Amino acid sequence: MKKHESQSNLSINPGKQKESQVPYKDASLPISERIEDLMRRMTLYEKIGQMTQLDITLINTTGKQKDIELDPEKARDMILHHHIGSFLNGEAVPPRTWYDFMHELTRIAVEETRLGIPIIYGIDHIHGASYLEGATIFPQGINIGASFNPKHAYNSGWVTALESADLGHHWIFTPILDLGVNPLWARLWETYGEDPCLSGVMGVAYVNGLQNNDETTPYKQAATGKHFLGYSDPKAGWDRTPALLPMQQIHEFHRPSFQKAIDAGLKTIMINSGEINGIPALASHDILTKLLRDEMGFEGVVITDWDDIGKLVNFHYTAENFKEATYDTVMAGIDMSMTPLHLKFNTSLLELVQEGRIPEKRIDESVRRILKLKFELGLFEHPYPRSDRFERIGSKENRQRALDAARESIVLLKNENHTLPARKSSRIGVFGMSANSKRNLCGGWTIAWQGGGEDQYPADIHTIFSALKEEYPEAEVLLFGPDDIPYPKDAATSDATESSHACFIDKLNSLDVLIYAGGEEPYCEFAGNITDLRLPENQVHELKLLSESTSPLVLVLVQGRPRLINDVINDVEAILFAGLPGFEGARAISNVISGEMNPCGKMPISYPLNPNHYLSYNHKRSNLYFFDPARANKIIHGNLTTSLFPFGYGLSYTSFEYSELKLSAPSMAEKGSISATVKVTNTGQVDGRETVLWFTSTHVGRITRPVKELKHFEKVSLKPGESATLAFVITPDRVFYPDEKGSTILEKGNYSIMVGDQKQDFSIID
Ligand code: BGC
């Protein structure tokens, strides 16, 4: 940019042009022409405004994220004087409140600015429209992963769009394509699990459901794949802390879920707040431009995460000040800064361009992408929210979809003596901190960032206790609060305490089944950092006490990450992993307890066994190389279990048998294929659904290979005695893997394919 041009461009708002027939407003023209026409009309500061996203607190009368009411003067200041093109955030309020807010915000942008560029509003509706009162709330990502059914990821996106697109919520900060590989990480529950194939399939389904929902026409939404990339694998387990990831691992494990979503048309990507190999992802040209743009072919909008430019100064300490941090991130490749509480990004970027340090063509590149997004979403044609479809919010049909997802996401981990289903129970005791809680079932990003207060949850959703009462209308269902549970026996000091203890155990013995709902309370991001993965001590005490009874004890784990349960596993007869199943979760859990629903969820992560050793299922062979004193100083290899329940584990009330794994040929050439088929039979007494997981393993690899890798999965419903034959075609692209540059390596040699307990070898030959 030449000096005199930049000066003329700097006038803050050079008068509104009353042009109604300007080309960029003509919907019949190609988007590329409209963009160029609009770009020619924009000043530099207007362009920078398009690259900025500010928080709702700056334009809300309350100055907070809650109690939403637009302050028009504050909004005018931001939009008219600083040309801000995007806002974000909020908390759950009624649709009418959102409608009024978005309508006025839009009106200011469209009617009062000289170019009338509409606002794009971003929001964390991560499992349904979670910041909207009355909305349908789906299970969190970890449960969607456990369902192994992409239909539920699709429905989660589809219902989110249906319930919020009309309100002017254009930009949904989901799906979370990070891998849940570190069990301590406070955002594990936001992921679809630890496996790249599972995460990719679910991510694509979500993007299709949200972005291609034809029932929201003409309103459309953009999805956000986040947090690009490696965010979920911090070495020390805490949120936003450093990850050390060789490029080969990035290509092999962390890239594929993003790549699949990009290939499916994902419109936006949010960047990892943390550092990878010593460089904050946000300031890495290698990650943002070379990898994401040049290699992965992403053409959409790249946004920073919350105040991450500032974090280069006061968190990562890689930049002296905000201006230098702005330089680093813009030159690395971001398009939009979620700034979000000040205007430092705008002033810094303006100066950097004026000083000639950042070329204006770099700004134009990003602004073109942002305008393209706005044009593609139809915002220029349909900028205003609409209020005539509120009745779709929280509809019976949508809630049924959320219930279906929750029911398929519950994983039966243990079931000794056929404790479950507890069909005939007439006296049921319900215990634990999640027994009568709605918020615990939903986790963070529900109603508010860290989850709402218990009284903010809708009256018509169930807790586990109330759902069980409905499930068992004839039975006596008793709720035991913390005060009803005496302190554990070994702490009893007086006779009175001892007798109350005995009395309590007698009472338990008179019940048919004890349901203990434990786990975690809601948390989100760094607020959920912990130093000990074990189940909290008071829960262990309570479970030990309940286990003194002769009545069977069922542990329901309502939690966002796998709290270690070794201390109690032998004290309970049955275990359900319920994860964070959302508003319909209690009904799903009670349906499974009663047997109305035969559980079919499978673990989307490896449930750790040990406090100080956890591995994902797709670890290397050498990960299990250890010294076994029991075997007289022999070092043994690969004979140790690292997880309590492996990835893909989940029981059913029926049983399935795998047989007749057959391959169409024992080998294939580099361009060939082999068809594999397997027979799955329901050998039990009731209808059931089985997730059939196809794994491969490469016997010898130049770069060490995982012990096994999921390649394909499919769910099948079978009646007792019924069989189905399932097929999977192995092609070389299913088994090749990347080197550190991302180029593929196809090993000639031997492989295995595994499904259920079946295994066959095959080879790839010249
Ligand atoms: C989170 C993102 C979220 C953003 C906007 C950040 O703190 O890391 O996942 O989308 O806030 O609320």
Side-chain angles (χ1 to χ4, degrees), residues 52-58 60 64-66 68 86-92 120-132 140-142 157 160 164 169-180 185-192 203 206 210 221-234 238-241 243 257-258 261 266-275 280-282 301-312 314-316 329 334-341 345 443-452 522-529 560:
T52 312
Q53 186 176 63
L54 295 184
D55 189 59
I56 190 171
T57 48
L58 298 186
N60 201 8
K64 298 191 178 126
Q65 282 168 359
K66 56 182 188 176
I68 290 164
S86 184
F87 293 88
L88 86 152
N89 238 328
E91 280 192 10
I120 182 164
Y121 202 88
I123 198 155
D124 291 289
H125 286 331
I126 79 161
H127 60 140
S130 40
Y131 286 170
L132 173 64
Q140 295 280 8
I142 198 70
T160 302
S164 65
H169 295 171
H170 319 110
W171 192 355
I172 306 300
F173 297 144
T174 310
I176 289 84
L177 301 172
D178 304 306
L179 301 182
W185 188 46
R187 305 191 73 171
L188 179 113
W189 49 275
E190 296 182 49
T191 75
Y192 295 121
Y206 182 92
L210 184 97
Q221 287 179 328
T224 304
K226 63 188 193 182
H227 306 78
F228 191 77
L229 103 168
Y231 177 46
S232 58
D233 201 2
W238 281 6
D239 187 39
R240 288 182 162 83
T241 59
S257 47
F258 285 95
L266 175 70
K267 287 190 183 295
T268 77
I269 278 185
M270 191 184 292
I271 302 302
N272 168 9
S273 293
E275 65 170 77
L282 190 64
V301 170
V302 168
I303 184 166
T304 76
D305 201 342
W306 181 271
D307 191 22
D308 278 359
I309 296 186
K311 288 198 190 82
L312 296 187
N314 56 25
F315 183 68
H316 296 296
T329 49
I334 66 128
D335 295 319
M336 191 183 286
S337 159
M338 188 189 288
T339 305
L341 296 172
F345 174 72
W445 302 120
T446 315
I447 295 182
W449 178 43
Q450 297 290 329
Y523 53 82
C524 199
E525 302 186 61
F526 45 87
N529 287 350

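Every number for a ligand or one of its atoms is a count from 1 in the order of the listing. Given the structure is predicted, the values throughout are model-derived calculations rather than measurements.
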A student checking ligand 1 against R240 at a 4.0 Å heavy-atom cut-off should list atoms 1 (C), 6 (C), 7 (O), 8 (O)
Heavy-atom proximity to atom 5 (C) of ligand 1 ranks first, among D124, D308, I271, for D124
For M270, the atoms of ligand 1 under 4.0 Å from one of its heavy atoms are 2 (C), 10 (O)
Exercise for review: If the plane angle is over 60° it's perpendicular, under 30° parallel, otherwise tilted; pick one for H125 and H169.
Suggested key: tilted
Under 4.0 Å from one or more heavy atoms of K226, ligand 1 contributes atoms 2 (C), 3 (C), 9 (O), 10 (O)
Worksheet item: Should the pair D305-R240 be classified as a salt bridge under the 4.0 Å nitrogen-to-oxygen rule?
Response: yes
Discussion item. Quick check on R187 - does any of its heavy atoms sit under 4.0 Å from an atom of ligand 1?
Written reply: yes
**Prompt:** Does the side chain of T224 come under 3.5 Å of the side chain of W171 through a donor N or O and an acceptor N or O?
**Reply:** yes
for atom 2 (C) of ligand 1, nearest protein heavy atom and its distance come out as D305 OD1, 3.3 Å
inquiry  = Regarding D239 and Y231, do their side chains bring together a donor and an acceptor under 3.5 Å, going by distance alone?
reply    = yes
Checking heavy atoms under 4.0 Å, the part of E190 that sits near ligand 1 is neither
Between H170 and Q221, a side-chain donor and acceptor under 3.5 Å: no
For Q53, state whether at least one heavy atom is located under 4.0 Å from any atom of ligand 1.
no
Does one side chain, of W445 or E190, offer a donor that lies under 3.5 Å from an acceptor on the other? yes
Counting from 1 in the order shown, the ligand 1 atoms closer than 4.0 Å to a non-hydrogen atom of W306 are 6 (C), 7 (O), 11 (O)
inquiry  = With a 4.5 Å cut-off on side-chain heavy atoms, are I271 and T304 touching?
reply    = no
Per-atom filter on ligand 1: closer than 4.0 angstrom to a heavy atom of L88 are 5 (C)
Practice item. May I ask you to check if ligand 1 and E525 share an N or O to N or O distance below 3.5 Å? Key: yes
Is the closest side-chain donor-acceptor distance between D308 and S273 under 3.5 Å? yes
Atoms of ligand 1 under 4.0 Å from any heavy atom of H227, numbered from 1 in the order shown, are 2 (C), 8 (O), 9 (O)
